Amino acid sequence: MSEEKTLQTKAISAHPGSVPGRHMQREVEVCKMIDATTCIGCKACEVACVEWNDLPFGETTFDNTYQTMTQTRWNYWNLIKFNEHKRADGTLMWLMRKDQCMHCADPGCLRACPADGAIVQYENGIVDFQQENCIGCQLCLSGCPFDIPRFNPTTKKVYKCSLCSDRVGQGLEPACIKSCPTGCLHFGTKAEMKDLAEARAKQLRDVSGFENAGVYDPDSVNGTHVIYVLHDATNPEAYGGLPKTPRIPFVYTLWKPILKPLSLFTVFAGVLGMFFHYVSYGPRRTVPPPRKDEHGNDTQRPAR
Amino acid sequence: MATTHNVQRVEAEHTSFGRTTVYEGELLRHSAYTRVVHWLVALTFLLALLSGFALFSPWLYAWIAPIFGSGARARLLHPWFGIAFAIAVLFQVRGWAYQMRWQPKDREWVKHAKDYATKTDEPEPEYVGKFNGGQKIWFWVMAWSAVIFLVTGVFLWFPEILSRTAMWICYFFHDLMGLIMLGGFFIHLYEGTSGIPGTLRGMLHGTVTRAWAWTHHPAWYREVTGRDPIRDREQDGGQLSR
Ligand code: HEM
């Protein structure tokens with residue numbers, strides 16, 4: 001896949017009209033596959049992410065788990081969530097999930113964004129924030145079903161995982177993939193990764209006794225460009241709050257793109273109506289109409 | 001008394017907010033204080049409206065946002081314009097709430113709103129006081145809009161106070177209120193200027209003509225002059241006045 005230039009823009013936030021340059025090249029969709037069943041929680045991907053993206057260090061927090069901090073931050077885009085899970089037989093197991101932007105095919109952040117060009121989606125599936133166009137309104141936070149975008153109050157900009165679009169554009173794999181020692185992270189085309197994930201899930205079901213093993217690639221956002229293999233795909237919530245059916249709020253799917261422009265149009269139609277009211281019915285003038293004095297000014301005297 | 005073009009100065013309002021001179025044939029409609037507050041409300045509202053509508057739709061962003069420097073600047077300023085608007089409205093409500101209280105005759109007025117819009121050559125019914133039902137509705141819509149804008153705006157400004165879900169709910173109601181106020185503002189602008197000639201001067205200089213008052217607000221005319229609006233209107237229509 002590395003021969004293709006994969007950074008042709010597919011969608012631009014708050015951009016009136018079509019996307020310049022679309023459909024000019026053959027494009028493949030990229031995908032990161034995370035096999036949660038072979039993750040050992042070593043955090044090499046966390047470090048690689050901070051290093052490659054040159055993110056300034058922040059304090060880690062200790063909350064009696066192995067987790068580096070409670071959630072991702074504007075300067076920490078990739079966090080392994082550690083969850084202690086009780087099996088049916090009462091024994092414990094780790095569920096470890098690398099949490100980061102899912103690069104949805106239908107990105108709620110991009111739908112919510114009011115700033116032209118602050119969020120772009122490339123033909124290859126990567127959803128990228130362009131901080132120079134970001135206005136700091138944080139609506140993307142409420143559009144994202146995965147609670148990913150993070151606000152930096154100092155710069156008043158929002159940040160998140162870019163799927164290393166700078167590396168991918170040069171034919172390299174993302175930094176996290178590069179650093180993974182167990183091979184639980186894979187990167188390739190969406191079709192390849194989907195096949196690989198399905199094969200692994202089948203293996204887990206047939207050989208390892210995880211009868212609910214499956215692939216997480218939710219349809220409710222038209223699939224994602226980060227997919228998981230889970231021991232129990234029927235219960236993604238157990239992996240640190242991965243939503244079973246991620247949903248973009250209706251205000252960003254129905255109100256903002258359709259009903260809102262219609263309402264605005266209605267208001268302006270009303271203004272036009274008012275103008276024609278003026279033309280056809282005329283203003284409400286005084287009764288009787290004002291008289292002019294010798295200077296041509298209106299006079300209105302009380303009757304005496 | 002000074003005489004200008006045969007018109008006599010009969011009354012003057014004098015406060016630290018300014019003065020209003022009322023000549024013969026005119027009536028004091030809005031005091032200087034009321035006028036200052038109204039135009040502060042209008043100014044802050046328009047700034048908030050414009051910076052808000054910059055972020056309202058992709059089709060407005062590219063040409064409204066640059067008025068404020070950039071989208072980021074419009075977003076930065078908008079909440080502060082909103083707070084200024086809410087404060088101005090507070091003063092407006094303090095001054096007008098009593099006169100704007102809803103009365104049974106205002107229901108009558110709303111029922112006659114269609115005639116009001118179409119029979120533009122007829123004077124208002126005798127019961128119409130200082131503010132008609134439509135004006136009272138606009139006043140209360142404005143007052144409540146300030147509350148709704150403020151509450152929903154604070155959670156959009158500081159989403160961490162509540163939740164991401166609260167944020168999109170607030171976004172929706174903030175939008176809705178913006179649309180209602182945009183439409184209301186256009187109606188108000190029309191009625192205050194071309195729709196009813198002689199009204200704007202009341203909010204600029206403070207006075208209106210007597211004929212304006214007996215035509216559009218007969219009960220108020222009776223209240224401030226002690227005269228019968230209908231008789232005066234009919235007599236003026238005859239030969240009595242010059
Ligand atoms: C910039 C354009 C505006 C113009 C030309 C204008 C004009 C006027 C005039 C002439 C009056 C007096 C009506 C009367 O004496 O009966 C008035 C009253 C009033 N104005 Fe405005 N106004 C403007 C903007 C606004 C805005 C933006 C608001 C609030 C958001 C507002 C709120 C009110 C209210 C509540 C009243 C009293 C009720 C009424 O007369 O409707 N005005 N305005």
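Predicted model, so just to flag it, every value in this text is computed and none were measured. Chain identifiers are assigned alphabetically (A, B, ...) following the order of the sequence lines, protein sequences preceding nucleic acid strands; residue numbering begins at 1 within each chain.
Residue B:Ser194 holds its OG atom at 10.0 Å from CZ of A:Phe275, rounded to the nearest 0.5 Å. The NZ atom of A:Lys256 lies 11.0 Å from the CZ atom of B:Phe56; values are rounded to the nearest 0.5 Å. The structure places OG of A:Ser142 at 10.0 Å from CD1 of B:Ile169, a figure rounded to the nearest 0.5 Å. For the atom pair CZ (B:Arg75) and CG (A:Leu139), the distance works out to 8.0 Å, reported to the nearest 0.5 Å. Rounding to the nearest 0.5 Å gives a distance of 7.5 Å between CE of B:Met167 and SG of A:Cys140. Atom OG1 of A:Thr286 is separated from atom CZ of B:Arg233 by 11.0 Å, given to the nearest 0.5 angstrom.
B:Thr120 places a side-chain N or O within 3.5 Å of a backbone atom of A:Tyr281 that can act as its donor or acceptor partner. The backbone N or O of A:Val287 sits less than 3.5 Å from a side-chain atom of B:Thr215, completing a donor-acceptor pair.
Between B:Trp59 and A:Gly17 the shortest heavy-atom distance is CH2-N, 3.8 Å.
Of the two parts of A:Phe151, neither the backbone nor the side chain holds a non-hydrogen atom closer than 4.5 Å to a non-hydrogen atom of chain B. In this structure, chain A has a heavy atom under 4.5 Å from the side chain of B:Phe53, while its backbone stays farther away. At a 4.5 Å heavy-atom cutoff, the contact between A:His15 and chain B is made by backbone atoms alone. The contact between A:Cys134 and chain B is made entirely by backbone atoms, counting heavy-atom distances below 4.5 Å.
Residues B:Asp121 and A:Arg285 are not in side-chain contact: their nearest non-hydrogen atoms beyond the backbone lie 4.5 Å or more apart. Looking at heavy atoms from C-beta onward, B:Leu76 lies in side-chain contact with A:Lys156 at the 4.5 angstrom threshold. Between B:Leu179 and A:Leu264 the shortest side-chain heavy-atom distance falls below 4.5 Å. Side-chain contact between A:Pro283 and B:Pro197: present, with at least one pair of heavy atoms (C-beta onward) separated by less than 4.5 Å. Looking only at side-chain heavy atoms (C-beta outward), A:Gln138 and B:Trp157 stay at 4.5 Å or farther from each other.
Taking the centre of each ring, B:Tyr171 and A:Tyr252 come in below the 6.0 Å mark.
Counting heavy-atom pairs closer than 4.5 Å to chain A, the top residue among B:Ala54, B:Ser70, B:Ala117 is B:Ala117. Each of A:Gly143, A:Pro114, A:Ser263, A:Pro16 has some count of heavy-atom pairs under 4.5 Å with chain B, and the biggest count is that of A:Pro16. Considering only heavy-atom pairs separated by less than 4.5 Å from chain B, the leading option among A:Val267, A:Ile135, A:Leu141 is A:Ile135.
Residue A:Phe265 places its CZ atom among 12 or fewer non-hydrogen atoms of other residues, nucleotides or ligands, all under 6.0 Å distant. The 12-atom threshold is exceeded at OH of B:Tyr127, counting heavy atoms of other residues, nucleotides or ligands nearer than 6.0 Å. Other residues, nucleotides and ligands contribute more than 12 heavy atoms inside 6.0 Å of the CZ atom of B:Arg222.
Ring planes of A:Phe268 and B:Phe186: tilted class, angle from 30 to 60°.
Between B:Asp175 and A:Lys260 there is a salt bridge, since at least one side-chain N of the basic residue sits less than 4.0 Å from a carboxylate O of the acidic one. A salt bridge is absent between A:Arg284 and B:Glu122; no separation between the charged side-chain nitrogens and carboxylate oxygens falls under 4.0 Å.
In this structure, the ring-ring contact (aromatic ring centres under 6.0 Å, His included) partners of B:His174, at least two apart in sequence or on a different chain, are B:Phe149.
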